[in-house]
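Protein chains get the first letters and strands the later ones, always in sequence-line order, with residue 1 at the start of each.
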There are 2 protein chains.
Amino acid sequence: MNGPDVELPENVALAWGLRDRPSRGPKRSLSLDQVVAAGIQIAQAEGLPAVSMSRVASELGVATMSLYRYVPTKHDLLDLMVDTAFGPPPPPRGVDEGWRPALSRWGEGNVTALRRQPWMRHVPISGPPINPNQVRWLEYGLAALRGTGLRASERIAAIMLVSGYARSWATLTADIAEAAARTGSTPEEVGLRYWQHLATLTAPGPYPAIHELLAEGEQYDDDVDLEWRFGLDRILDGVAAMIETRAAAPSG
Amino acid sequence: MNGPDVELPENVALAWGLRDRPSRGPKRSLSLDQVVAAGIQIAQAEGLPAVSMSRVASELGVATMSLYRYVPTKHDLLDLMVDTAFGPPPPPRGVDEGWRPALSRWGEGNVTALRRQPWMRHVPISGPPINPNQVRWLEYGLAALRGTGLRASERIAAIMLVSGYARSWATLTADIAEAAARTGSTPEEVGLRYWQHLATLTAPGPYPAIHELLAEGEQYDDDVDLEWRFGLDRILDGVAAMIETRAAAPSG
DNA sequence: GCAGATAAGCGTATGGCATACGCAGATTTG
DNA sequence: CAAATCTGCGTATGCCATACGCTTATCTGC
């Protein structure tokens, strides 16, 4: 059930279920999964700020300090929540599938996950992927790029590109959606108001590129998913160009 | 000195200096800029968590609650800090300069700014760019793409692509640098340790793409700036391809 | 030059928060 | 059955943002 006791950081071992249940002492009344699930449920229902240790504890019917028998710090709990809520990645590259649809699906999966659980965007990234689902996502992302001739660091940079863009995009749209919900209006109205504010503020100054943008006015009724696809396709185009270069002159 | 009283949100008007100094009442003993500067100084010296209202106040020799005469909430202060600390964008596209070097410089500017003030990455993004320097950055980013044939939403998506990637990258490298500083080791050692942990954790499971990556082993002594450039060049390649498409078949 | 209006600084208080510490009781091992 | 060990958790500490209202300084209109 669990691997050898490696010199892993406590929180990582915890996330991977590598901490042996002690034999002495009373049985635990909860499991780590329950704690994490309670945290996720609160975050999803009431937003990340509602997730306090005492709130999670009361949700589970235990005292606040009991949680610290399961989790070293609150931040570790948040990391676990994100890892669990992200869930498993979308299906990996099929045997006869090209790298591009696979990486595209991977990117879409990123936004989908972030959109489904928008509170996740407020949990600060704590470092490179190390928790179980994060590593699974990493695996599938890299798998999409196997055999493309890209070097190791290039494959990593490529998936960072996609996931970073997905995160930016999901964050922006979620911020707008929340602003809309808060003011009882629609995302379109929030977007419109933003452009109006921008117009007002830049009117007296030298902002030719912004004014040109506003003059086109086409962005008011844009399909946001189209805009996201545009950026994703540009990334994939760039990666494709690199792969072709590598194919033409393979690195030794 | 200030424009007409538009129906702007309080914090935006504040950031743009559009709040008329009241004529009645005692003179203020501070300026908003001083408050923001004090916040930045603390964040830079001791990290973002050290920035509390009372800490900023004591730095300025005033009482905590005095700050609220200058700033509606702490979050508004953080936004102002970020806008100020980002500073002005790098030089805009020159008259005879192509879009690509200009956008490249703009992207580099993003990472440079974030690297110079690493605490900024921990301030949650509160929405689309609306504060003065943010808007200036927006202007220069868009200016780099003027006359390329890209549509308004495409120009926006392109600069989101670059800035999002810059932020991801700066965040990752800063996280690693801070972990190194905390443990008294070098970023290279932190990176190595990460790969070792990943190897340990994925050893028992089916992670072929990760194992392949680890087998190449080339990432241990990589120049991180090269990796950043790789991703940026891929984005620019993708944008270039799009621009060529548009040039071949102009949109009506 | 004075009265009323207004704003500044800020003392105090409220209600939150993460978490350190140690104890009482449960459970298991020898 | 005794020693060891772990659980749940009560209590306490020291933070935090910020609401409220008072005092005092300053300006405007008369």
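Distance A:Met53 CE to D:dG10 P: 15 Å, rounded to the nearest Å. Taking atom OH on B:Tyr68 and atom P on C:dT14, their separation rounds to 18 Å, with Å as the unit. Distance B:Leu67 CG to D:dA19 C1': 15 Å, rounded to the nearest Å. Look at CG on B:Leu77: it is 14 Å from C1' on D:dT18, rounded to the nearest Å. Atom pair A:Lys74:NZ and C:dC17:C1' shows a separation of 8 Å (rounding to whole Å applied).
Put simply, the side chain of B:Arg28 gets close to the backbone of B:Arg69: a donor and an acceptor are under 3.5 Å apart.
A salt bridge between B:Glu189 and B:Arg193 is absent, with no side-chain N of the basic residue lying under 4.0 Å from a carboxylate O of the acidic one.
Taking the six-membered ring where tryptophan is involved, the planes of A:Trp169 and A:Tyr165 are tilted, since the angle between them lies from 30° to 60°.
Side chains of B:Arg19 and B:Glu10 form a contact here, defined as non-hydrogen atoms less than 4.5 Å apart.
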Sugar-phosphate or base contact per nucleotide [nucleotides 3-12 of chain C; S, B, -; heavy atom under 4.0 Å]: --BBBBBBBB
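Residues passing the ring-ring contact (aromatic ring centres under 6.0 Å, His included) test with B:Phe86, sequence neighbours excluded: B:Trp137.
Within the structure, a side-chain polar atom (N or O) of B:Ser54 is placed less than 4.0 Å from OP1 or OP2 of D:dC16.
For the residue pair B:Asp76 / B:Asn11, a side-chain donor-acceptor distance below 3.5 Å is found, with atom types taken as modelled.
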